[in-house]
Structures are given as C-alpha cells and as structure tokens.
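Below is one structure, written out as structure tokens, with a few remarks after it.
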Number of protein chains: 2
Amino acid sequence: MTPSAAGADAAAVDAADAADADAPWLDDREQAVWRQWIQVSGRLPAALHRDLQRSSDLSLPDFDVLVRLTESDEGRMRVSALATSLQWERSRLSHHVGRMGRRGLVEREDCVDDARGAFIAVTEAGRAAIERAAPDHVRTVRSLVFDALSEDEVAAFGAVMTRILSRLDAVEG
Amino acid sequence: MTPSAAGADAAAVDAADAADADAPWLDDREQAVWRQWIQVSGRLPAALHRDLQRSSDLSLPDFDVLVRLTESDEGRMRVSALATSLQWERSRLSHHVGRMGRRGLVEREDCVDDARGAFIAVTEAGRAAIERAAPDHVRTVRSLVFDALSEDEVAAFGAVMTRILSRLDAVEG
DNA sequence: AGAACCTAGGTGATATGTCAACTATTCCGT
DNA sequence: ACGGAATAGTTGACATATCACCTAGGTTCT
C-alpha cells in the first residue's frame, strides 16, 4: 500500500445512474482534489521509502517502529501498546518485528506480570541504525513537504488531517 | 504501502546530534502535522479498501485501473499510458492486470502498430463490476473526507497537494 | 474449583508491491 | 543495411500487508 484510492469518479458518474439521489457524486473541484490526494498518498511514502533504503537499509515501517521504541521509556513497549501507537494491526506488527528481530534491530522480552504478553525492545544496533538514518530522512521530509508550504498552509493541512482523522476514528472505533 | 512514514522525528532529534546545521529538524507544529499525515495516509486508503471489498470484490487498485480504462476511448489503453496515468511502475501494472485478467475484469490485446506493445481493455464483467461498486465507494469517500470539510478547507487541501506534487515531480522527473 | 469467556499475541495462506534482470522490437547513426 | 542503443512489456525473487484462525494464559461468575 500501499493502496491508493478511487482514481477518478468521473467514470463512476458516467457508469452508474447519476440520478441516484442516495449517492451524490463528487463535483469537479472535489474530484480534482481527490485525485491529487491519491497521487500524493501513493507517491510521497514511496519516495520517502526509496530515499531511506538508499541511504540506510531501513524501510519506512522499520523507521516508524524504531521511532516509537526509542521514544519510549527504556526503549521497549508492549506489543499492543506499540500497535496502538502506530495504528497497525497486531498481526502486521507481529510479522514485522519478527523480520526486524532477525536483522537484529529489535528483540522480544517476556513479560513477567502477564505471561501472555511480550515486550519489544530496541537493540543497540537498532538505535545505531535510526540515528544513522534520521538526519537524511528528516531532510527529505522537509524538502518534499515543509519547504514547499507556508505557515498558513501547514496549519490548513493540519486542520484537514484532524477532520479526516476524526471521521476515521468514528468509523473504526 | 502501504507504507507510512516517519512516525515521529522527536526520537531522531534526541538520537542524532541536534546541533547538526545541515539537518534542521521539524518544529512542534510541523511534527504534529506530519504525524497526522502519516495516520491519514495509512488509514484512509485502508478504510476505503475494506469498504470496497466488503461490498464488491474489487480492491482499491482494481477500482483505480477500471476507472482509467472506462474513462478512455473504447475502454482500452496502452500499458505505458495506463501506467503513467496511474503513476504506477510498469512492473506493478503488469502484475496487477495479470491478476485482474485471471478474474475476467480486463483482457490484453496485441498492438498492430507496434509489435512490442499491448492494450489493456475492460471487459463487460469489468464494467459491470465498477458500476456496481462505484455508488457505495463514492458515498464512503464523501462521508470520510468531503462531508467533513468546508469549501475553504477543500481548496486549502488542494493547494497543499499541488505543492507537494510539484516537489515530487521535481524529484522523480 | 471449574466452565465460559476474554485478552495477548502468533501463524500460515494469500494478495500485493518492488527491484533487478530479461526478451522482443524498434530506432538511429553511419 | 546493420550494429548498438533505446523502448515496451514481462518475469521471478523477495518484502510486505491482510485475513482468518490458532494457542496460551487470565478473568469472572457461580
């Protein structure tokens, strides 16, 4: 997913019965914005991912995991807490930390309080990897996004993200 | 990638040498917006994808391909034109239309002008599938995005996407 | 205590995306 | 007209994501 989204709903307009009162179509402006969103949501992560791989042998998801762990106390978190923090499914996280574990970036620790549970902890190698990768990555984020936006645009962007997130929260619980 | 992106750069700030003048970090507002973007760019496509699957046996990428094809003259496009239109790598498209072909949604046609080339064409089943799926999908897009935004916000959102896209175009050619 | 249920997390099959290498044509300069 | 470079598209190996199901350990109620 990198999934994208409805590339264009113009076809849908033609294809389906446009008179269906229950499904108001996107107007021209909305449609243009929607297509732009699809492009950006697909291409920006891909660009960041490639950049990260070129300079660091970490993937973008690897980076995200390491960020959360290095931010946390003692560099370790319960699996569920990490999943919630990343908004990942636990299954995805489980597979992912398995792979990261094999590469020595993180390791599992048993949980004393609850024998079902586990911690995921950054290793020294994991810390070293993110410290090496971060400067370049941040530079790329700046150059692709924030350098292109005025303060007002950043604020507006944030406001839009906030509204969409609240819709997603409403739908997904 | 559905990849996401730098979940948080706070750790990077702590981790790397914050005095490095070549890598200015994100400030608090930027960082907050960045994290929101990561959430939205991961969760919105996932939500749309699930919605589409529930109601139609099409994936989000399937939908995008079908939209482009049904929009085009005669319902068919050259592989490269389709790839450019979607901003996909040709390899990805090749794999994807292979799978869609097996399901009867599209079919390959040889190109008379250029024996190397090929067309991808929507089948009747493909048209039927997108016509069935579209109303619900558009309804979901409206409810998750446009219903939540004022006209000004839509405009601002579009402006931000435009700026980021021009950066991506500059980087990717 | 013990049965029913809940929670933490993992697993395997499968779908998807990416990268590098490959084949078959066409183009282009000499 | 012919040899090398560019182009169109595919393929296989591999990384990643998702889904449905599984196991082990806790909780609760009687």
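Quick note on labels: first sequence line is chain A, next is B, and so on, each numbered from 1.
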Worksheet item: Is the side chain of S41(A) donor-acceptor paired with the backbone N or O of I38(A) at a distance under 3.5 Å, no angle test?
Response: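 Flag set: sc S41(A) to bb I38(A) pair under 3.5 Å.
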
Practice prompt. Please list residues of residues 108-116 of chain B whose heavy atoms come under 4.0 Å from any atom in DNA chain C, ordered by number; otherwise none.
Written response: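 Heavy-atom contacts with DNA chain C come from D114(B), A115(B), R116(B).
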
Would you check if [X] and [Y] make a side-chain contact, meaning some heavy-atom pair closer than 4.5 Å?
X	Y	answer
V40(A)	W37(B)	yes
V160(B)	V160(A)	no
P61(A)	R99(A)	no
L48(B)	H137(B)	yes
D64(B)	R68(B)	no

Counting the atoms with a prime plus P, OP1 and OP2 as sugar-phosphate, which does [X] contact under 4.0 Å by heavy atoms, base, sugar-phosphate, or nothing?
X	value
H95(B)	base
S91(A)	base
S80(B)	sugar-phosphate

For [N], does either OP1 or OP2 sit under 4.0 Å from a side-chain N or O belonging to [X]?
X	N	value
S59(A)	dT16(D)	yes
R92(A)	dT16(D)	no
R99(A)	dC14(D)	no
H96(B)	dG17(C)	yes
R90(A)	dT7(C)	no

Item to complete: Please tell me which of the listed nucleotides, dG9(C), dT11(D), dA8(D), lies nearest to the side chain of V79(A)?
Response: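 So the side chain of V79(A) is nearest to dG9(C).
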
Worksheet entry | With sequence neighbours excluded, residues passing side chain to side chain contact (heavy atoms under 4.5 Å, CB included) with A81(A) |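 For A81(A) the side chain to side chain contact (heavy atoms under 4.5 Å, CB included) partners, ignoring immediate neighbours, are M77(A), R78(A).
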
Discussion item. Which residues pass the side chain to side chain contact (heavy atoms under 4.5 Å, CB included) test with R163(A), not counting sequence neighbours?
Written reply: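 With neighbours one apart ignored, the set is A148(B), L149(B), E153(B).
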
What is the separation between atom [atom1] on [X] and atom [atom2] on [N], rounded to the nearest whole Å?
X	N	atom1	atom2	answer
I120(B)	dT10(D)	CD1	P	6 Å
L82(A)	dG9(C)	CG	P	10 Å
L60(B)	dA17(D)	CG	P	16 Å
D62(B)	dT18(D)	CG	C1'	15 Å
L105(A)	dA15(D)	CG	P	14 Å
L93(B)	dA8(D)	CG	P	13 Å
D51(B)	dC19(D)	CG	P	13 Å
R102(A)	dC14(D)	CZ	C1'	13 Å

Practice prompt. Using the closest heavy atom to pick a nucleotide of DNA chain D for each, name whichever of R103(A) or R50(B) lands nearer the 5' end.
Written response: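 The residue mapped nearer the 5' terminus is R103(A).
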
